[in-house]
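For reference, the structure is listed below as structure tokens.
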Amino acid sequence: QVQLVESGGGLVQAGGSLRLSCAASGRTFSTYNMAWFRQAPGKEREFVAAITWSGDPTYYADSVKGRFTISRDNAKNMVHLQMNSLKPEDTALYYCAAHRVYARTIRAGDIDYWGQGTQVTVSS
């Protein structure tokens with residue numbers, strides 16, 4: 001069992017930065033691959049970034065590549081998403097997720113555990 005709690009969301013102007021954090025509980029956290037998803041109003045939940053249990057490799061959606069960076073600290077049971085050069089289209093509820101899939105793109109159906117989400121709003 002893995003429980004995930006996100007934090008770090010907020011309101012930011014376009015071009016700004018935010019750092020999302022995900023605190024995980026459970027002794028098996030370090031054995032899980034982790035991912036971030038997001039869901040905007042009226043849209044399906046979409047993959048944003050993923051990182052394997054070891055921290056390498058990492059994968060990104062084309063829409064965030066070069067702007068977002070996913071990282072993890074297994075000693076602290078933490079996963080982070082550094083988001084730079086934010087755009088209004090990045091506005092969404094961001095979810096931390098744990099899974100055991102090895103792929104460049106993770107589907108929502110691949111996820112074993114979800115956090116409750118943290119809201120990111122980017123104003124133009």
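Remark: the backbone N or O of I70 is paired with a side-chain donor or acceptor of Y60 at under 3.5 angstrom. Judged purely by atom type and a 3.5 angstrom limit, Q39 has no side-chain atom pairing as donor or acceptor with the backbone of E44. With hydrogens and angles disregarded, a donor-acceptor distance shorter than 3.5 Å links the side chain of E6 to the backbone of Q116. A side-chain donor-acceptor contact under 3.5 Å links N77 to the backbone of A24. Using modelled atom types, no side-chain atom of T91 and backbone atom of T121 make a donor-acceptor pair closer than 3.5 Å. Judged purely by atom type and a 3.5 angstrom limit, S124 has no side-chain atom pairing as donor or acceptor with the backbone of P88.
V120 and Y95 are not part of a single hydrophobic cluster, where members link through side-chain heavy atoms under 4.5 Å apart. In terms of hydrophobic clustering, with Ile, Leu, Val, Met, Phe, Trp and Tyr side chains grouped at heavy-atom distances under 4.5 Å, V48 and W114 are assigned to different clusters. Residue I111 is grouped with residue F47 when hydrophobic side chains (ILVMFWY) are merged at heavy-atom distances under 4.5 angstrom, including chains of intermediate members. The cluster map of Ile, Leu, Val, Met, Phe, Trp and Tyr, joined by side-chain heavy atoms under 4.5 Å apart, puts V2 and I51 in the same cluster.
Closest heavy-atom contact between Y32 and A98: CD2-CB, 3.9 Å. When all heavy atoms of L81 and Y94 are compared, the closest pair comes out as CD2-CD2, 4.2 Å. Looking at every heavy atom in both residues, M83 comes nearest to L86 through CB-CD2, 3.8 Å. Minimum heavy-atom separation, A92 to R38: CB-CB, 3.8 Å. Closest of all the heavy-atom pairs between R72 and S30 is NH2-CA, 4.0 Å. For the residue pair D90 and S85, the shortest heavy atom distance occurs at OD2-O, 4.4 Å.
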May I have the step-by-step check of side-chain contact (heavy atoms from CB on, under 4.5 Å) for S17 and Q82, ending in yes or no? CA-CA 8 Å; S17 298; Q82 178 66 43; 4.0 Å; yes

Can W36 and F68 be said to form a ring pair (Phe, Tyr, Trp, His ring centres under 6.0 Å), step by step? CA-CA 11 Å; W36 287 93; F68 290 12; 9.9 Å; no

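A donor and an acceptor atom, one from each side chain of N33 and T52, are nowhere located under 3.5 Å apart. For the residue pair Y59 and R104, no side-chain donor N or O sits within less than 3.5 Å of a side-chain acceptor on the partner.
Few gaps surround CD on Q119; more than 12 heavy atoms of other groups in view lie less than 6.0 Å from it. The local environment of CH2 in W53 is sparse, with at most 12 non-hydrogen atoms from other residues, nucleotides or ligands closer than 6.0 Å. For NZ of K43, the number of neighbouring non-hydrogen atoms (other residues, nucleotides, ligands) closer than 6.0 Å is 12 at most. Remark: R100 CZ is packed, more than 12 non-hydrogen atoms of other residues, nucleotides or ligands lying under 6.0 Å away.
Taking OG of S21 as the start and CE of M78 as the end, the distance is 4.5 Å to the nearest 0.5 Å. To the nearest 0.5 Å, the span separating CG on D110 from CZ on R107 amounts to 4.5 Å. In this structure, the separation between CE on M34 and CG on L4 is 4.5 Å, given to the nearest 0.5 Å.
In this structure, I106 and H99 have side chains that are in contact, with non-hydrogen atoms separated by less than 4.5 Å.
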